[in-house]
Amino acid sequence: MPFPVLEGQSIGIIPPGTDAEGRAHHARQYSIASPRNGERPGYNNLSLTVKRVLEDHQGQPVRGVGSNYLCDLKVGDKVQVIGPFGASFLMPNHARSHIVMICTGTGSAPMRAMTEWRRRLRASGKFESGKLMLFFRRAHPARSCRTSGRCKACPRTSSTSTSPSRARRAVPSATCRT
Ligand SMILES: Cc1cc2nc3c(=O)[nH]c(=O)nc-3n(C[C@H](O)[C@H](O)[C@H](O)COP(=O)(O)OP(=O)(O)OC[C@H]3O[C@@H](n4cnc5c(N)ncnc54)[C@H](O)[C@@H]3O)c2cc1C
């Protein structure tokens with residue numbers, strides 16, 4: 001592949017233009033959300049999940065440079081990318097390894113890449129018996145969960161189950177064993 005990536009890595013995006021001091025924008029990092037063989041298997045593409053930043057951490061209105069640039073891209077736009085980065089948060093190669101993934105509302109992109117890669121291995125017959133366990137808490141329980149459809153789509157086997165659970169302070173969450 002011209003741009004090889006692994007689940008658990010991130011890439012840097014350099015937004016065009018300059019900041020208030022006239023310097024080129026620094027790169028923003030985004031976790032890769034697709035498996036190593038592409039969002040569409042066999043194609044040299046990858047996916048990101050980007051939260052559009054319209055409020056800062058204090059709740060004040062702000063327009064995040066990188067996230068809004070990415071969310072407003074049109075099909076065919078060219079993007080300056082650096083990386084990939086990350087050598088420590090990768091999947092074990094052994095097909096029988098068990099993996100426990102714990103993520104809160106944001107930060108689920110690498111987990112999507114890992115669960116999807118395992119799902120593809122299973123479909124290709126190369127999967128052995130390794131289990132994945134995903135603890136996933138939604139940051140905004142009132143909003144619909146974009147991941148639950150995928151969890152429900154997982155095949156029900158002796159090593160697969162999806163069950164809702166409750167986190168501390170009665171915040172609704174989902175515990176997904178795929
Ligand atoms: C390893 C790594 C992986 C990452 N993966 C992802 C990913 O998969 N998806 C993703 O959406 N982001 C991810 N991020 C965060 C991303 O790099 C940017 O920081 C984020 O998109 C905001 O950048 P921006 O240019 O839009 O905001 P900026 O223009 O840099 O910041 C504008 C203002 O918003 C505040 N701000 C920054 N981020 C947030 C936030 N999340 N919520 C509220 N206020 C904020 C800043 O403090 C600042 O005041 C990752 C970061 C790292 C380090």
Side-chain angles (χ1 to χ4, degrees), residues 1-13 27-52 67 70-71 73 75 79 81-141 143-168 171-178:
M1 282 219 175
F3 192 73
V5 295
L6 289 171
E7 307 79 18
Q9 290 187 313
S10 61
I11 58 169
I13 301 284
R28 269 69 170 179
Q29 270 179 274
Y30 293 92
S31 301
I32 292 161
S34 48
R36 64 190 71 186
N37 63 345
E39 175 65 22
R40 188 173 177 190
Y43 286 69
N44 185 40
N45 60 4
L46 58 82
S47 63
L48 307 174
T49 61
V50 181
K51 174 190 156 191
R52 187 192 284 273
S67 59
L70 284 176
C71 290
L73 284 172
V75 173
V79 177
V81 173
I82 54 173
F85 302 106
S88 54
F89 182 57
L90 304 175
M91 288 180 84
N93 271 332
H94 200 292
R96 264 179 280 171
S97 53
H98 302 312
I99 305 174
V100 178
M101 297 167 284
I102 303 170
C103 63
T104 52
T106 58
S108 61
M111 319 308 183
R112 179 185 182 269
M114 292 180 186
T115 52
E116 181 63 9
W117 179 238
R118 272 283 170 95
R119 196 191 63 75
R120 288 184 191 176
L121 282 181
R122 179 193 290 270
S124 70
K126 292 180 188 148
F127 173 80
E128 291 183 29
S129 60
K131 290 183 185 173
L132 297 185
M133 188 179 283
L134 170 65
F135 293 89
F136 177 78
R137 188 180 77 82
R138 279 185 270 162
H140 302 284
R143 294 187 197 159
S144 64
C145 176
R146 279 172 292 174
T147 315
S148 63
R150 275 186 178 266
C151 290
K152 285 176 192 151
C154 287
R156 297 285 162 268
T157 68
S158 57
S159 64
T160 307
S161 70
T162 308
S163 54
S165 69
R166 294 206 166 256
R168 282 171 56 215
V171 178
S173 67
T175 304
C176 171
R177 298 187 179 90
T178 58

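- Residue A33 comes nearest to T49 through the heavy atom pair CB-CG2, 4.0 Å, listed as atom of the first residue, atom of the second, then distance.
- Within 6.0 Å of atom CZ in R40, 12 or fewer heavy atoms from other residues, nucleotides or ligands are found, so the atom counts as exposed in its surroundings.
- In this structure, P110 and S31 approach most closely via the heavy-atom pair CD-CB, 3.8 Å.
- The two residues F85 and G12 make their nearest non-hydrogen contact at CE1-N, 3.7 Å.
- Using a 4.5 Å heavy-atom threshold, the side chains of L70 and R28 count as separate.
- To the nearest 0.5 Å, atoms CG (L48) and CD (E39) are separated by 10.0 Å.
- From M101, atom CE reaches atom CZ of R112 across 13.0 Å, with rounding to the nearest 0.5 Å.
- Residue R36 is tested with R120, Q9, E7 for a side-chain contact (heavy atoms from CB on, under 4.5 Å); the sole match is E7.
- The two residues M114 and F89 come nearest to each other via the heavy atoms CE-O, 3.7 Å.
- Heavy atoms only, all atoms of each residue included: S67 and K51 are closest at CB-O, 3.2 Å.
- Using modelled atom types, one side-chain atom of S34 and one backbone atom of S47 make a donor-acceptor pair closer than 3.5 Å.
- Residues I99 and P92 are in side-chain contact: their nearest non-hydrogen atoms beyond the backbone lie under 4.5 Å apart.
- Put simply, the side chain of I82 does not reach to within 4.5 Å of the side chain of I11, judged on heavy atoms.
- Listed here is the closest heavy atom pair of I102 and M111: O-CE, 3.7 Å.
- Separation of atoms CG (N37) and CG (L46) is listed at 12.0 Å; rounding is to 0.5 Å.
- Distance check, rounded to the nearest 0.5 Å: CD1 of I13 to CD of Q29 gives 10.5 Å.
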